[in-house]
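Just so you know, these numbers use all the heavy atoms, side chains as well, and skip hydrogens, waters and symmetry mates.
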Amino acid sequence: MRILFVAPYPLSRIRIRSYGFVSQLAKRHDVTALVLCSNKREVRDVQDLRDDGLTVCAVEDKRVWKVWRVLCAIFTSQPLQVAFDASSSLRGAFNELLAGRDFDIVHVELIRTLGALPQEISLPVVWDAVDCISMLYEQGAKYGATPVLRLIGKSEAARTRAYEYTQLRRFQHVLVTSPRDQEALKLIAQDAGLGADKRPPAPITALPHGVDQEYYQYYQGERQPEMLIFSGKMSFHANVAGALHLAKNIMPLIWRERPQVRLVIAGSKPPTNVRSLAQDSRIGVTGYIDDLRSSIRQAHVAVCPLPYAVGVQNKALEAMALGTPVVASSHVTAGLKAVPGQDILVADEPELFAQAVLCLLEDQALWQMISQNGHMYIEKHHNWKHIVNDLTAIYAQTIYDTNARLLAQER
């Protein structure tokens, strides 16, 4: 199968879903990745992909151009994150690739990429929405860490919901990571108040992503017994809210019982309000780390107290794969099939969350059980081989359905 995979950034191991799909598909199929590239680190990511034998077409898209597109979109109906990556250069490269090569199917990742695509595409397209973004904005409007983030959430929720409605009728199949996102998009697809378009929406499939278990191997070495880790892209608003909630509402309860506990907040681009948490000597804020595995392996417990979330949280999957027990909010585990109290500990109220962390710090038998069960959960439910088999079947069905529809129209 000849696949064109389009993403708004170069694929890398920190972008676990897109990297996993392309690297695994390339073992069996002819895959070309078309990506945007905005900085020197992303240039290195592209070269790493090529060094691994992957076919990558990279299009330059400087950050100043992205910001300009967002400013121009403020007073339009286009969602800002769609405008952010609506690169005319990417659209040109896309058209050139379709004209120059005979692909069977196009796989497009994220709502962010859609503004860069031509409106009409001759090939069947699978859109991997990943998450229901309007649902994320609706939660951000309620629980965002700052008034500005709550205002953006409120503003973007409506326009993103309307945009998702139209895109669900634009393509031949839609993917998301979890059943809750699948149900949210199905509700949007059925909302007659959003548009008069009578075309039926595309089928929506919940397809989780895997974890590279050769890369994220179960770790049985020494750990720092008083270290907690909260990892992820720290410029993401839900992670900012989680970090602030953790530091202000949960950690004081843990320190009351165990004052020597240290929290590490690891991830790229932490904003000022997250960086300022490091004024407390018991909190470390690392910024970008090339390889987060070493930090997660050192930690005794991984904490993920997000006050809102959609989709599947990679931070939880990676920690579980490495054998680091996870304490998470119910917003995080809603996207997983993990069993609370068996594979992962779940709590929302600060007192209960702190108590769960303390139990793992104090009870070695519980720690060992959650560590092993979490790892086995990853092996069972996030196995790339099984997931790519399912994805390939979706491609084949989408191609068949598209061809059958075209034949019916010609008769």
Side-chain angles (χ1 to χ4, degrees), residues 9 12 14-16 38-39 41-42 63 66-67 70 80-81 84 131 133 136-137 139-154 156 224 226-255 259 261-296 298-311 313-319 324 326-329 331-332 347-350 353-354 357:
Y9 40 57
S12 69
I14 64 173
R15 289 162 175 144
I16 186 172
S38 303
N39 55 52
R41 189 172 77 231
E42 292 185 345
R63 186 168 183 81
K66 295 175 180 288
V67 173
V70 168
L80 298 185
Q81 65 171 279
F84 188 73
D131 306 320
I133 300 300
L136 179 65
Y137 277 126
Q139 294 178 7
K142 295 179 181 178
Y143 306 114
T146 67
V148 171
L149 288 175
R150 292 192 290 274
L151 180 62
I152 292 173
K154 183 177 180 180
E156 285 298 289
Q224 296 186 26
E226 304 291 339
M227 176 179 164
L228 312 179
I229 187 164
F230 176 56
S231 61
K233 184 181 178 182
M234 286 303 146
S235 58
F236 179 48
H237 52 89
N239 285 339
V240 173
L244 297 176
H245 172 57
L246 175 62
K248 296 178 180 179
N249 301 320
I250 297 172
M251 290 309 300
L253 302 176
I254 294 173
W255 286 325
V261 168
R262 184 167 185 266
L263 169 65
V264 174
I265 299 172
S268 62
K269 300 178 181 178
T272 301
N273 54 357
V274 173
R275 292 198 305 270
S276 66
L277 298 176
Q279 294 173 4
D280 188 317
S281 61
R282 297 166 295 185
I283 299 177
V285 180
T286 69
Y288 176 78
I289 297 177
D290 282 329
D291 187 352
L292 273 172
R293 289 176 302 171
S294 59
S295 297
I296 298 171
Q298 289 177 43
H300 203 71
V301 179
V303 288
C304 193
L306 299 189
Y308 61 96
V310 295
Q313 300 300 309
N314 295 335
K315 56 178 70 64
L317 299 185
E318 292 163 356
T324 305
V326 177
V327 181
S329 67
H331 303 283
V332 172
D348 290 316
E349 294 301 320
F353 198 101
V357 173

Pick out which of His237, Lys154, Gln81 makes a side chain to side chain donor-acceptor pair (under 3.5 Å) with Tyr137.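 Among His237, Lys154, Gln81, the one meeting side chain to side chain donor-acceptor pair (under 3.5 Å) with Tyr137 is Gln81.
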Is Arg150 paired with Glu156 through a side-chain N to carboxylate O contact shorter than 4.0 Å? no
ring-ring contact (aromatic ring centres under 6.0 Å, His included) partners of His331, counting only residues at least two apart: none
Minimum-distance pair of heavy atoms, taken over all atoms of [X] and [Y]:
X: Lys233; Y: Ser268; answer: CG-OG, 3.7 Å
X: Val326; Y: Ala319; answer: CG2-CB, 3.7 Å
X: Ala238; Y: Pro307; answer: O-CD, 4.3 Å
X: Leu277; Y: Ala243; answer: CD1-O, 3.9 Å
X: Pro350; Y: Asn249; answer: CB-O, 3.5 Å

Atom pair [atom1] ([X]) and [atom2] ([Y]), whose distance is rounded to the nearest 0.5 Å:
X: Gln298; Y: Arg262; atom1: CD; atom2: CZ; answer: 9.5 Å
X: Arg41; Y: Ser12; atom1: CZ; atom2: OG; answer: 8.0 Å
X: Leu292; Y: Asn314; atom1: CG; atom2: CG; answer: 11.0 Å
X: Ile250; Y: Phe230; atom1: CD1; atom2: CZ; answer: 9.5 Å
X: Ile265; Y: Asn239; atom1: CD1; atom2: CG; answer: 10.5 Å
X: Lys315; Y: Thr324; atom1: NZ; atom2: OG1; answer: 14.5 Å

Mark yes or no: Arg63 above the aromatic ring of Phe84, with NZ or CZ under 6.0 Å from the six-membered ring centre and no more than 45 degrees from the axis.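 Pair Arg63/Phe84 does not count as cation-pi.
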Leu228 versus Val261: any side-chain heavy-atom pair under 4.5 Å? yes
Side chains of Asp280 and Ile283 in contact at under 4.5 Å (non-hydrogen atoms):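 Yes. Closest side-chain heavy atoms under 4.5 Å.
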Flag if over 12 foreign heavy atoms under 6.0 Å of OH, Tyr143: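 Result for OH/Tyr143: open.
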Check the pair Phe353, Asp348 against side-chain contact (heavy atoms from CB on, under 4.5 Å), reporting the backbone distance first and the verdict last. CA-CA 6 Å; Phe353 198 101; Asp348 290 316; over 6 Å; no
